[in-house]
**Q** 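The structure is given below, and queries will be raised subsequently.
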Amino acid sequence: MLVDFDYFFAQCEEKRNPSLKDQPIVVCVYSGRTEDSGAVSTANYVARKYGVKSGMSIFLAKRKLAEVNAVFLPVDRSFYEETSNNIMSILRHYADSFEQVGIDEAYLDVTEKANGSFKEAQRLAQRIMDEVKSREKITVSIGVGPNKLVAKIAADFKKPNGLTVVEPQQTESFLAPLPIDRLFGVGKKTSEKMETLGIKTIGDLSRFDVQKLIANFGKTLGTYFHYAALGLDDSPVSEKGMAQSVSRISTLREDTRDVAVIMNKIETLCEDIYINLSQMGIEFKTVSAVAVLKDMSVHSRSRTFENPVPNLELLTNTVKELFHRLIGETNLEIRRAGVKVSGFSEKHEKQRRLTDF
DNA sequence: GTATGCTTTCGGC
DNA sequence: TTACGGCCGAAAGCATAC
């Protein structure tokens with residue numbers, strides 16, 4: 001099953017201040033450029049009725065809510081994380097195996113706990129909803145299905161506070177009428193491409209020739225789409241280990257090509273990342289610079305070292321060098337600057353090398 | 001021809 | 001007509017090794 005926390009950031013704000021409950025709430029990431037510059041992270045369902053959606057500009061959200069008494073709040077991630085951690089530890093108790101996805105979603109394999117019965121799984125899901133509501137005052141939506149792919153789509157089917165069970169023999173008829181963008185991995189670009197091929201629903205996709213899918217989307221994706229449309233998925237529910245990358249990105253006060261301004265921002269981002277990772281004893285070998293230009297296009301350059309980056313200076317200098325390259329390859333001004341590190345390894349007391357013998 | 005690793009872009013939340 | 005964050009993982013695309 002998939003457990004999805006309803007409009008999570010905005011619901012956390014309702015929990016913190018219940019008097020806001022009946023008003024539109026919009027949780028925002030402010031960029032600090034102008035008073036209202038930035039994007040909507042999450043809105044509660046009252047705000048969604050007015051057309052407010054995740055990712056839209058705060059400016060547009062304000063216009064949609066101009067006539068009503070709406071609340072705009074900045075994201076308070078550490079507060080949401082605390083609630084999230086509490087809910088996740090409740091969920092673990094119900095699962096044979098558990099897989100957290102982001103801050104507000106988790107897959108639970110309950111095959112054994114439910115004795116392989118979907119009726120049992122449904123009762124389990126209801127108990128989870130009740131316990132999370134009574135202990136954390138948060139509603140969740142749950143999808144139960146024969147695998148992760150179906151469970152995810154089922155959870156999306158009825159929200160908020162919804163429970164949808166799709167048994168194996170119902171899978172095909174459940175999926176067939178749904179639009180293709182409900183499938184994980186099918187976003188705006190892919191669905192546009194599929195529509196030119198005459199594919200609008202998951203049913204259309206399931207009837208489409210596999211070889212033609214592969215010709216259009218490549219072997220990996222083409223094969224995946226074919227099986228996904230049939231509701232087939234054998235990926236296991238398994239705990240994700242350490243993150244594979246850590247990044248920081250920040251919007252500059254104004255679009256600029258001023259190297260001093262950009263380098264200044266980069267230094268701060270590098271320090272933040274380096275301090276965090278070295279405290280956790282994590283080393284990294286790959287360093288990337290990310291630039292979002294005036295036209296919103298995203299560009300990146302990276303460099304991988306043979307050994308872990310030994311100090312903050314090397315990190316900062318490398319990112320600066322990569323950024324110089326990015327600036328040199330465009331005439332446009334830079335809007336946002338970012339740093340990413342990956343290629344992790346845990347720090348050893350002392351690495352033994354061949355030369356030690 | 002296959003396996004593997006690195007760089008860059010894409011998509012989800 | 002515009003407006004527009006900050007992350008993450010996955011996959012494509014390419015190069016290299018065998």
Side-chain angles (χ1 to χ4, degrees), chain A residues 2 4-10 26-43 52-64 74-75 77 80-81 84 99-106 152-153 155-156 159 180-193 214 216-225 235 240-252 255 265 269 272-273 276 284-306 322 325-326 329 335-344:
Chain A
L2 178 79
D4 185 318
F5 309 172
D6 297 322
Y7 62 102
F8 186 52
F9 293 0
V26 186
V27 180
C28 303
V29 183
Y30 290 97
S31 71
R33 276 198 156 185
T34 63
E35 181 159 330
D36 286 340
S37 66
V40 172
S41 183
T42 325
V52 176
K53 291 195 173 77
S54 295
M56 75 172 29
S57 65
I58 297 169
F59 179 89
L60 184 50
K62 288 218 162 163
R63 211 172 66 183
K64 289 188 179 288
V75 289
R77 218 182 155 86
Y80 314 144
E81 252 161 27
S84 171
E99 178 179 336
Q100 181 171 343
V101 183
I103 195 172
D104 65 351
E105 266 182 49
K152 167 97 175 154
I153 297 172
D156 205 48
K159 7 163 68 164
I180 35 167
D181 62 7
R182 303 294 270 278
L183 285 177
F184 185 76
V186 181
K188 189 159 174 285
K189 299 212 172 187
T190 307
S191 56
E192 277 169 12
K193 196 165 159 188
I214 291 173
N216 278 279
F217 298 99
K219 186 153 187 227
T220 310
L221 268 182
T223 310
Y224 162 74
F225 288 147
S235 61
K240 290 282 165 275
M242 213 192 334
Q244 296 173 18
S245 69
V246 169
S247 60
R248 295 287 183 273
I249 187 163
S250 175
T251 302
L252 302 170
D255 295 354
K265 178 62 74 180
L269 300 176
D272 184 22
I273 286 182
N276 267 286
F284 54 88
K285 287 198 288 203
T286 302
V287 175
S288 313
V290 183
V292 179
L293 308 184
K294 193 184 186 64
D295 66 356
M296 291 302 220
S297 61
V298 183
H299 304 260
S300 66
R301 292 292 176 268
S302 61
R303 174 171 174 190
T304 301
F305 291 90
E306 279 181 25
L322 294 167
R325 260 213 264 163
L326 285 167
E329 288 168 22
R335 180 185 180 89
R336 304 164 69 197
V339 178
K340 178 172 101 162
V341 300
S342 52
F344 293 149

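Every chain is numbered from 1 and lettered A, B, ... according to where its sequence line falls, protein lines coming before strand lines.
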**Q** Considering just the side-chain nitrogens and oxygens of A:Arg336, establish if one lies under 4.0 Å of OP1 or OP2 belonging to C:dC4.
**A** no
**Q** Between atom NZ in A:Lys53 and atom C1' in C:dA3, what is the gap in whole Å?
**A** 16 Å
**Q** Ignoring backbone atoms, test whether A:Arg301 places a side-chain nitrogen or oxygen under 4.0 Å from the OP1 or OP2 oxygen of B:dT8.
**A** yes
**Q** How do A:Ser31 and A:Lys240 order along DNA chain C: which one's closest nucleotide is nearer the 5' end?
**A** A:Ser31
**Q** With a cut-off of less than 4.0 Å, is there a side-chain N or O of A:Ser250 near OP1 or OP2 of C:dG5?
**A** no
**Q** Relative to the ring of A:Phe344, is the ring of A:Phe284 parallel (under 30°), tilted (30 to 60°) or perpendicular (over 60°)?
**A** perpendicular
**Q** Which nucleotide sits closest to the side chain of A:Val29: C:dG9, C:dA3, C:dG5?
**A** C:dG5
**Q** Can you figure out which of C:dG5, C:dC8, B:dT7 approaches the side chain of A:Ser247 most closely?
**A** C:dC8
**Q** Is there a side-chain contact between A:Phe9 and A:Ile103 in this structure, where contact means two heavy atoms from C-beta onward sitting under 4.5 Å apart?
**A** yes
**Q** What is the separation between atom CG on A:Asp272 and atom P on C:dG6, rounded to the nearest whole Å?
**A** 13 Å
**Q** Tell me the interatomic distance from A:Met242, atom CE, to C:dG9, atom P, rounded to whole angstroms.
**A** 11 Å
**Q** Which nucleotide sits closest to the side chain of A:Ile249: C:dC4, C:dC7, B:dG12?
**A** C:dC7
**Q** Can you figure out which of B:dT7, C:dG6, C:dG9 approaches the side chain of A:Ala243 most closely?
**A** C:dG9
**Q** Starting from C1' on C:dC4, measure out to CG on A:Asp255 and report it in whole angstrom.
**A** 12 Å
**Q** With the side chain of A:Ala39 defined as its heavy atoms from C-beta on, choose the nearest nucleotide among C:dC4, C:dC8, C:dA10.
**A** C:dC4
**Q** Between A:Arg303 and B:dT7, is there a side-chain N or O to OP1/OP2 distance below 4.0 Å?
**A** no
**Q** Rounded to whole angstrom units, what separation is found between the OH atom of A:Tyr80 and the C1' atom of B:dC13?
**A** 15 Å
**Q** Does A:Gln100 use its side chain to pair, donor to acceptor, with the backbone of A:Gly102 at less than 3.5 Å?
**A** yes
**Q** In terms of side-chain heavy atoms of A:Thr251, which of C:dG5, B:dC13, C:dC8 is nearest?
**A** C:dG5
**Q** Does A:Met56 reach a base, just sugar-phosphate, or nothing at all? Heavy atoms under 4.0 Å.
**A** nothing
**Q** Any side-chain N or O of A:Ser302 under 4.0 Å from OP1/OP2 of B:dT8?
**A** yes
**Q** Which part of the nucleic acid, if any, lies within reach of A:Val246 when heavy atoms closer than 4.0 Å are counted: base, sugar-phosphate only, or nothing?
**A** sugar-phosphate
**Q** Could you tell me how far apart A:Tyr30 (OH) and C:dA3 (P) are, to the nearest whole angstrom?
**A** 19 Å
**Q** Which part of the nucleic acid, if any, lies within reach of A:Gly102 when heavy atoms closer than 4.0 Å are counted: base, sugar-phosphate only, or nothing?
**A** nothing
**Q** Please round to the nearest 0.5 Å and tell me the distance separating atom OG of A:Ser31 and atom CD1 of A:Ile58.
**A** 7.0 Å
**Q** Please give, in whole Å, the distance from B:dG12 C1' to A:Phe9 CZ?
**A** 13 Å
**Q** Which nucleotide, C:dC4, B:dC13, B:dT9, lies nearest any side-chain atom of A:Lys340?
**A** B:dT9
**Q** Please classify the nucleic acid contact of A:Ser288 as base, sugar-phosphate, or nothing, using heavy-atom distances under 4.0 Å.
**A** nothing
**Q** Just wondering, do A:Val40 and A:Lys53 contact through their side chains at under 4.5 Å, heavy atoms?
**A** no
**Q** Return the nearest nucleotide to the side chain of A:Ser57; candidates are C:dA3, C:dG5, B:dC13.
**A** C:dA3
**Q** Salt bridge or not for A:Lys285 and A:Glu306, using N-O below 4.0 Å?
**A** no
**Q** Of the nucleotides C:dC4, C:dG9, B:dT9, which one has an atom closest to the side chain of A:Ser300?
**A** B:dT9
**Q** Calculate the interatomic distance between A:Lys285 atom NZ and B:dT4 atom P; express it in whole Å.
**A** 16 Å
**Q** Under 4.0 Å between a side-chain N/O of A:Arg63 and OP1 or OP2 of C:dA3, yes or no?
**A** no
**Q** With respect to the side chain of A:Asp104, which nucleotide from C:dG5, B:dC13, C:dG9 is positioned closest?
**A** B:dC13
**Q** Side-chain N or O of A:Lys152 versus OP1/OP2 of B:dC13: is the shortest distance under 4.0 Å?
**A** yes
**Q** Please state the C1' separation for the pair B:dC13 and C:dC4 - nearest whole angstrom.
**A** 16 Å
**Q** Calculate, to the nearest 0.5 Å, the distance between atoms NZ and CG belonging to A:Lys159 and A:Asp6 respectively.
**A** 7.0 Å
**Q** Can you see if the side chain of A:Thr304 gets near the phosphate of B:dC6 - specifically, an N or O under 4.0 Å from OP1 or OP2?
**A** no
